Amino acid sequence: MKTVKTALLCLGLAIALPAMAITLDQARNQGLVGEANSGYIAVVGQSSPELEQLVAQVNAKRKAAYVRIAKRNDIAVAQVAARAAEKLEARLSSGDYYQDNRGRWAQK
């Protein structure tokens, strides 16, 4: 019986979470997250559990990609992330937030 309750709870969460999840584009367009100068995203202002989850998911995927690129090119992950930060900042839309070299948030 406990297994059934657990399964139903998990199913309920799986159905409920996508409905309240925010996408990276939505968070970026609302000014909630921005491109950090580290090659990862970060929360610009006030955080929430939902934003923290989004940031963690996006950054985990980016780190995995950076690690693959670094291994393939025999360079440090930090170098890949720094170059990615430059490219990501260049591609931002007007109004999107990015972090300058001093760590201050600015809008493009």
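Because the structure is a prediction, the values reported are computed rather than measured.
Counting all heavy atoms, side chain and backbone alike, V44 lies closest to G31 at CB-O, 3.7 Å. In terms of heavy-atom proximity, A36 sits nearest to A85 at O-CB, 4.1 Å. In terms of heavy atoms, R28 sits closest to E35 at NH2-OE2, 2.8 Å.
The number of heavy-atom neighbours closer than 6.0 Å to CD of Q30, taken from other residues, nucleotides and ligands shown, is above 12. Counting heavy atoms of neighbouring residues, nucleotides and ligands inside a 6.0 Å radius, atom CG of N73 exceeds 12 of them.
Listed for the K71 side chain is no donor-acceptor partner under 3.5 Å among the backbone atoms of V77. Of the possible donor and acceptor atoms, none in the side chain of D96 sits under 3.5 Å from a partner among the backbone N and O of G34. Side-chain atoms of T23 come within 3.5 Å of backbone atoms of Q26 as a donor-acceptor pair (strictly under, hydrogens ignored). Between the side chain of Y66 and the backbone N or O of G39 there is at least one donor-acceptor pair closer than 3.5 Å.
Under the 4.5 Å side-chain contact rule for hydrophobic residues, V58 and V55 share a cluster. In the hydrophobic clustering of ILVMFWY residues, with side-chain heavy atoms under 4.5 Å counting as a link, Y40 and Y98 come out apart. Both V43 and I22 are part of a single hydrophobic cluster, where members link through side-chain heavy atoms under 4.5 Å apart.
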(request) Evaluate side chain to side chain contact (heavy atoms under 4.5 Å, CB included) for L88 paired with R62, printing each intermediate quantity in order. (result) CA-CA 12 Å; L88 289 164; R62 285 188 180 185; 3.4 Å; yes
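Within the model, atoms CZ of R102 and CG of N37 stand 12.5 Å from one another, a figure rounded to the nearest 0.5 Å. Separating the CZ atom in R83 from the CD1 atom in I75 is a distance of 10.5 Å, to the nearest 0.5 Å. One distance of note links CD of Q107 with OG of S94; it measures 8.0 Å at 0.5 Å rounding.
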